[in-house]
Amino acid sequence: MKRVLLLVALLTLAFTASAQALKPVKDKASKKYGYQDKQKNWVIPPSYDDARRFDNDGFAVVKTGGREGLINQEGQWILQPLYDDIGKFDGNGLCELKIKDGGVKMYGIADRSGNLVLPVEYIAVDIPRGSGCILASRYVNAPGLAGAPLWGVYTLRGEELISPRFLSQPAYGGGNFIAKGTDGLYGVVDVYGQTLLPFEFLAISRTGNAFHTLGKDFNRHPGAVLPYDPMGDKVRAASWHSGCIGVRLYANQVRIVQVQSGYGYRRAACRDADIDWGRGRFLRLEPFEAPAGGSATMAYPEGGKYYTLKAMLYEADGSLVGEVTDCGYLEAECAEGVVYSAGGLESWLILRDPNALSLPSYTLNLTDYHTLIHDNVYNGLGFRPYDLTKLDNVRNYADRNIDIIKGDNIGFTSYLPPVIDLQEAKRMREVMRPEIFHHAFRMGEVVNCKVRTEGEELLLELSEQLVCHFDDRFQDPYFHFSGDEIIYWGPHNARTVRLSLEPSNSQAMADETGKNWSLVLSLYEEDGTWLRTLARAPYPDYVQGGVLVFNGLGIALLAPWALKGPHHEEVRVIRMPAPQPLLHRIAALDAFRVRPPIAPR
């Protein structure tokens, strides 16, 4: 046996040496390349536009007519000159082929015999080390799968193991693949296509033979909401967040309305809708297929279908309570919101502001009022034909699906309560002596602001809403998304925001001992229950009287007295004369006054 192995090794060395003995040489007369031996004899006559050295397998890439081919040491074609690039053979005896057609690059796989294992018709190919298979991506002409290249799995002989059905290249390890399905969710399959974990996860990571998964319900983390479901329907997917459709609507926003018209005005008499709101429930207006011919239906001409707009009631976690209306449509729009014909029995005013007045009844002047047409889904649901046709691309549809899941759960990690040990909590209570930590800020007292200077004054332009930016991350499995969310102040506009501290290892507010603390803005229920973290900052930028400014967050905290007094600007502006940047000491927060200073007599 040892003699056989030695003989094979010697033959391999001899073969390699003979291959390396031939060198590509350019003929001066013909300007073509051929191959000469050490004695400078032409072994392969000059007939190529370019030529590379022979590799250890005895093959050389040559170019003729602008295309590459592969020859052996006898000058015989292994691969005809049809390609723009021919890669090196790997340990499986396979090489990658590439052809350019304008701006499109197509790939295939060949073996040492010159056989095409995969034809050159794939967008991308890869052979993961140790997998014993080929991954390749190509366009698929199949219902619901057109418009984007999909990845499949093949044997090293080119036989199909898994038909193209993955949106991105599967990640190989331990004899199986973590793969992304056509709805944008991940699962795990073995090399034969058997599903080991269903395709219902936002992220999957691997540790040895174990998997860590993140479900689209975020494993029911506090604050996570079961998202709007497209139900495989492109009309439902395209109309999500078109106007008020698919948006969470709270009790403050839904009013039974009677619109009264007069000369040059429209006025709405608003009262509470007869809906069992419960605690934290919300409505969504959602399109559903409906029988043709109803007055509350909208045609989808290209699909030969009809849709109606239902009001669906959900629990705070997104689980369905039931239908509130079985049909409906948007009949008018104004600056304050939209008017929804609720099942043909009554009209609702859907207010844009989630923190609208919580009074049982009131009258509201409507501006820029105009009626809406609902003869088809484009007019009635507020999207363009393009918004629908682009979802024919399976990748676009998957991206839309993930956007919906993310969009309905922006800021969910802020619902995780902070973890502080008992010793730190005791120290924190001792440090929180300034009265700003003991004041509950109400709606209108925590607002977004823009900071600009005017001479020696600092001008704060205040918003009417509080919008917080959230950045949500999981480390294992890794998953990241971010976005902005309007903060909902509760059904009675009576939730509060409080300022507190948490330990910090970075530059922050220092106490008397030099220990660092970050400042935290948290939202509380009316009864004082902690709800969520809204924002964190190492320190505020300015404090003066009843105003505290976090310039980096774009948020200002205002004492009630700071908002009083006349203002004539269209945008509310507070002027801070000659402000000084705040010292990064907790004691500096004493400059914030919850009550106005006493005027001298």
Side-chain angles (χ1 to χ4, degrees), residues 353 355 431-469 484 486-487 489 493 495-502 504 506-512 516-524 533-601:
D353 184 1
N355 299 308
V431 172
M432 289 170 56
R433 287 192 295 268
E435 63 177 349
I436 191 172
F437 291 113
H438 307 286
H439 178 70
F441 293 88
R442 301 188 179 276
M443 187 172 70
E445 298 172 4
V446 185
V447 295
N448 293 122
C449 71
K450 292 182 180 179
V451 178
R452 59 187 177 91
T453 56
E454 188 175 284
E456 294 185 355
E457 288 188 323
L458 193 72
L459 272 61
L460 306 181
E461 296 182 358
L462 307 182
S463 168
E464 292 185 357
Q465 290 182 326
L466 175 61
V467 178
C468 288
H469 181 79
D484 299 321
I486 298 176
I487 301 307
W489 288 87
N493 310 129
R495 290 177 176 171
T496 58
V497 168
R498 290 178 178 269
L499 194 67
S500 62
L501 299 174
E502 69 177 15
S504 175
S506 59
Q507 184 181 13
M509 300 287 285
D511 63 18
E512 295 173 353
N516 285 335
W517 304 85
S518 292
L519 294 170
V520 182
L521 295 173
S522 298
L523 184 68
Y524 290 82
T533 298
L534 299 181
R536 290 178 170 85
Y539 45 80
D541 296 276
Y542 301 98
V543 61
Q544 190 175 99
V547 181
L548 185 75
V549 180
F550 294 93
N551 195 21
L553 298 177
I555 292 175
L557 303 184
L558 309 170
W561 64 271
L563 286 167
K564 294 180 179 178
H567 66 94
H568 307 288
E569 300 92 344
E570 184 176 340
V571 177
R572 180 78 189 216
V573 174
I574 289 182
R575 297 175 179 270
M576 299 175 64
Q580 296 295 320
L582 185 70
L583 293 175
H584 299 166
R585 309 286 298 181
I586 292 176
L589 296 176
D590 281 321
F592 181 92
R593 302 187 188 95
V594 172
R595 290 167 295 278
I598 299 174
R601 293 182 180 181

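Please read all numbers here as calculations on a predicted model, not as lab measurements.
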Scanning both residues in full, the closest heavy-atom pair of Tyr542 with Pro579 reads CD2-CB, 3.9 Å

Donor-acceptor contact below 3.5 Å, side chain His439 vs main chain Leu499: no

task: Examine distances only and state if a side-chain atom of Asn516 and a backbone atom of Ser506 form a donor-acceptor pair shorter than 3.5 Å.
output: yes

Separation between CZ (Phe441) and CG (Leu523), nearest 0.5 Å, reads 13.5 Å

| So, the side chain of Arg593 versus the backbone of Ala559: is there a donor-acceptor pair under 3.5 Å, distance only? | no

Nearest heavy-atom contact between Leu563 and Gly444 is CD1-O, 3.3 Å

Here the pair of heavy atoms bringing Gln465 nearest to Asn448 is O-OD1, 3.1 Å

Sorted by chain and number, sequence neighbours left out, side chain to side chain donor-acceptor pair (under 3.5 Å) with Glu454 holds for Arg575

Measuring only between side-chain heavy atoms, which start at C-beta, is Leu589 closer than 4.5 Å to Leu519? yes

Without swapping roles, check the side chain of Arg452 against the backbone of Leu458 for a donor-acceptor pair under 3.5 Å.
no

Note: Asp484 and His469 closest approach over all heavy atoms is OD1-ND1, 2.8 Å

Closest non-hydrogen atoms of Asn355 and Asn493, given as atom of the first, atom of the second and distance, are O-ND2, 3.5 Å

Atom CD of residue position Glu457 - does it have more than 12 heavy atoms of other residues, nucleotides or ligands inside 6.0 Å? yes

Has the side chain of Asn551 got a donor or acceptor atom that lies under 3.5 Å from a matching backbone atom of Asp541? no

Contacts of His584 meeting ring pair (Phe, Tyr, Trp, His ring centres under 6.0 Å) (sequence neighbours excluded), chain-then-number -> Tyr539

With sequence neighbours left out, the residues meeting salt bridge (Lys or Arg N to Asp or Glu O under 4.0 Å) with Arg495 are Glu525

Looking only at atom types and distance, does a side-chain atom of Gln544 sit under 3.5 Å from a main-chain N or O of Pro577, one as donor and one as acceptor?
yes

Rounded to the nearest 0.5 Å, the CG atom of Leu558 sits from the CG atom of Leu460 at a distance of 8.0 Å

Flag side-chain contact, heavy atom, 4.5 Å: Ile436 against Val543: no

Residues Leu557 and Phe550: closest non-hydrogen pair is CD1-CE1, 4.2 Å

